[in-house]
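Report on one structure; see the data block that follows.
Chain identifiers are assigned alphabetically (A, B, ...) following the order of the sequence lines, protein sequences preceding nucleic acid strands; residue numbering begins at 1 within each chain. Here the structure is a predicted model, which means the values were calculated and not measured.
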Number of protein chains: 2
Amino acid sequence: MAAGSPGAKRRARQHPDERRKQLIGIGLEMLTTRPLHQITIDDVAAKAGISRSLLFHYFPTKRDYYADVVRAASRRLLRATRVEGDTIDDLVAGFLNFIERRHEPYIALFRSAGTDDWAHEIFRETRAALTDQVLTALAIEQPSELVRAAVGAWLAYAEELALEWAQHHTGTREQVHALLTGALEHIVRSAR
Amino acid sequence: MAAGSPGAKRRARQHPDERRKQLIGIGLEMLTTRPLHQITIDDVAAKAGISRSLLFHYFPTKRDYYADVVRAASRRLLRATRVEGDTIDDLVAGFLNFIERRHEPYIALFRSAGTDDWAHEIFRETRAALTDQVLTALAIEQPSELVRAAVGAWLAYAEELALEWAQHHTGTREQVHALLTGALEHIVRSAR
DNA sequence: CTACTTATCGAGCATTGCTCAATAGTGACG
DNA sequence: CGTCACTATTGAGCAATGCTCGATAAGTAG
């Protein structure tokens with residue numbers, strides 16, 4: 001099925017910004033259903049109703065396109081996990097809420113992390129930003145390298161446990177919540 | 001440079017088992033330097049000094065080859081992390097020793113985890129086996145689902161922290177060791 | 001209406017995963 | 001030692017895919 005009305009102009013010219021948004025949007029959508037490297041240019045172009053060539057007009061290479069998509073996913077994630085409260089409880093509650101409702105984009109970002117160096121870099125930056133959020137919520141001003149590393153590692157723990165809970169309903173929400181806050185407290189206390 | 005002596009027979013026939021081992025060995029080696037999906041059949045064949053076709057004679061498809069390579073990496077990992085001692089201290093010490101010396105294969109396995117469904121499955125199995133090892137060392141006979149999940153998540157924490165330590169020397173070995181054992185004790189105690 | 005910019009396309013090239021029929025080591029058996 | 005069956009091995013070739021390049025037309029300015 002074509003994008004526009006039937007018999008529409010064969011060349012529906014659009015403004016570059018909107019095209020870019022559209023293409024990246026398609027990438028984000030596809031990223032939730034399959035791993036990054038299984039998204040072919042042809043797929044994206046077909047879904048957008050444009051030719052392969054046009055995609056290369058906007059993104060010099062497939063990797064550049066991927067990178068922009070993953071960056072967009074990262075930005076979404078960071079915006080969505082921004083916590084309102086200050087306490088660890090609020091933080092963890094918000095995190096669990098997010099994972100419960102939108103674990104698919106999270107997994108998507110996760111999965112792309114290992115595909116390439118640049119993807120891993122974006123993933124690291126994302127986790128670093130999350131670490132900052134946690135440290136802020138904990139009111140830790142000048143964390144040592146060890147504390148930062150420990151909190152970053154706790155994020156890995158939290159991601160794993162929360163995803164397991166969201167996908168396989170392992171334990172109750174309260175149990176998971178308690179496990180997360182307890183571990184964070186313990187880890188931070190131990191690390192300094 | 002050719003594999004054998006110069007002017008050797010053009011068709012150096014080998015036994016299937018050795019060929020398979022050789023090919024998988026090449027895959028394992030390449031896996032430490034680049035992400036899985038960047039390993040092309042041509043690369044492997046060239047390095048082995050054979051034609052592309054022969055690789056498809058041994059592995060029906062590229063994915064099957066990949067899967068066998070990743071499985072081999074997983075087996076290596078499990079063999080190398082097998083702990084001798086019984087206490088948590090022994091366990092963590094062995095884990096740190098392993099990560100310190102051979103974090104590259106570990107990272108390689110890590111990275112391949114997100115590339116595809118089958119890779120993720122192998123990764124899950126590997127982590128499940130590691131979880132069993134930990135539970136055994138902890139002398140926990142009949143763990144609840146929650147305890148299993150928590151220990152599995154602790155593995156994510158341990159991997160992250162240990163890799164950070166091995167790569168960027170974050171904190172001393174004793175500090176990391178204490179962080180790991182402390183967290184594990186705390187988590188297991190909380191989870192039941 | 002004209003001219004200029006550029007979004008858009010189609011054709012075509014190189015790489016790569018994969019197939020298939022043909023070839024040639026190698027071991028088994030006489 | 002010779003012959004034969006088995007199969008490891010290859011080369012040619014197809015389809016998909018990343019990517020290039022020149023041509024074209026949809027807008028915009030004048």
Side-chain angles (χ1 to χ4, degrees), chain A residues 2-5 7-27 30-31 34-70 112 115-119, chain B residues 2-5 7-27 30-31 34-70 112 115-119:
Chain A
S5 47
K9 331 155 189 175
R10 304 200 316 229
R11 286 199 175 185
R13 196 171 179 148
Q14 292 199 9
H15 279 206
D17 290 355
E18 295 172 16
R19 258 281 125 82
R20 287 186 84 95
K21 280 184 194 168
Q22 178 200 15
L23 293 175
I24 291 188
I26 290 175
M30 287 188 167
L31 201 54
R34 47 190 134 171
L36 187 66
H37 72 279
Q38 270 187 22
I39 301 175
T40 75
I41 294 289
D42 275 11
D43 288 342
V44 179
K47 190 135 196 173
I50 62 173
S51 65
R52 269 150 291 162
S53 319
L54 190 55
L55 219 150
F56 288 105
H57 176 68
Y58 287 102
F59 305 92
T61 189
K62 194 180 75 157
R63 293 235 295 266
D64 290 280
Y65 172 65
Y66 282 172
D68 272 13
V69 170
V70 173
S112 357
T115 55
D116 242 325
D117 282 343
W118 56 262
Chain B
S5 46
K9 332 155 189 174
R10 303 202 317 231
R11 288 200 174 185
R13 196 171 180 147
Q14 292 200 9
H15 279 205
D17 290 355
E18 296 172 14
R19 257 280 124 82
R20 286 186 85 94
K21 280 183 193 168
Q22 178 200 15
L23 293 175
I24 291 188
I26 290 175
M30 287 187 168
L31 201 54
R34 47 192 135 169
L36 187 66
H37 71 279
Q38 270 187 23
I39 301 175
T40 75
I41 294 288
D42 275 11
D43 288 342
V44 180
K47 190 136 196 172
I50 63 173
S51 65
R52 269 151 291 161
S53 319
L54 190 55
L55 220 149
F56 288 104
H57 176 68
Y58 287 102
F59 305 91
T61 189
K62 194 180 75 159
R63 294 233 295 265
D64 290 280
Y65 173 65
Y66 281 172
D68 273 11
V69 170
V70 173
S112 356
T115 54
D116 244 323
D117 281 343
W118 56 262

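- Closest to the side chain of A:Tyr58, out of D:dG18, D:dT9, C:dT8, is C:dT8.
- Rounded to whole angstrom, the span from the CG atom of B:Asp42 across to the C1' atom of D:dG11 amounts to 13 Å.
- The separation between B:Ile50 atom CD1 and C:dA24 atom P is 19 Å, rounded to whole Å.
- Annotation for B:Val69 and B:Gly27: closest pair CG1-C, 3.8 Å, computed over non-hydrogen atoms.
- One can place CZ of A:Phe56 at 16 Å from C1' of C:dA7, the figure rounded to the nearest angstrom.
- For A:Leu54 and D:dA25, the CG to C1' distance is 14 Å, given to the nearest whole Å.
- Note on B:Ile41: only backbone sugar-phosphate atoms sit closer than 4.0 angstrom, heavy atoms only; bases stay farther off.
- Using a 4.0 Å cut-off, no side-chain N or O of B:Ser53 falls inside it from OP1 or OP2 of C:dC20.
- Atom pair A:Arg63:CZ and C:dT15:P shows a separation of 17 Å (rounding to whole Å applied).
- Following rounding to the nearest Å, A:Leu55 (CG) and C:dC9 (P) show an atom-to-atom distance of 11 Å.
- Residues A:Leu55 and A:Ala45 approach most closely at CD1-N, 4.2 Å, considering heavy atoms.
- B:Arg34 has its side chain within reach of B:Asp43: a pair of non-hydrogen atoms, C-beta onward, lies under 4.5 Å apart.
- We find that OH of B:Tyr66 is positioned 11 Å from P of C:dT16, with the value rounded to whole Å.
- When the side-chain nitrogen and oxygen atoms of A:Tyr65 are compared with OP1 and OP2 of D:dG18, none of them lie within a distance under 4.0 Å.
- The number of heavy atoms from other shown groups lying within 6.0 Å of CZ (B:Arg52) does not exceed 12.
- Taking the six-membered ring for Trp and thresholds of 30 and 60 degrees, B:His37 and A:His37 have nearly parallel ring planes, at less than 30 degrees apart.
- In terms of position on DNA chain C, the residue among B:Ile39 and B:His15 whose nearest nucleotide sits closer to the 5' end is B:Ile39.
- Of the listed nucleotides (D:dA25, C:dC9, C:dT16), C:dT16 has the atom at the smallest distance from the side chain of B:Thr40.
- For the OP1/OP2 pair of C:dT8 and a distance below 4.0 Å, the side-chain nitrogens and oxygens of A:Arg19 include at least one atom meeting the criterion.
- For the pair B:Lys62 NZ and D:dT17 C1', the computed distance is 12 Å after rounding to whole Å.
- Nearest-nucleotide positions on DNA chain C place A:Gln14 closer to the 5' end than the other of A:Arg52 and A:Gln14.
- With D:dC19, D:dT7, C:dA7 as the candidates, the nucleotide lying closest to the side chain of B:Arg13 is D:dT7.
- Remark: B:His57 is not in phosphate contact with D:dT9, judged by side-chain N or O atoms under 4.0 Å from OP1 or OP2.
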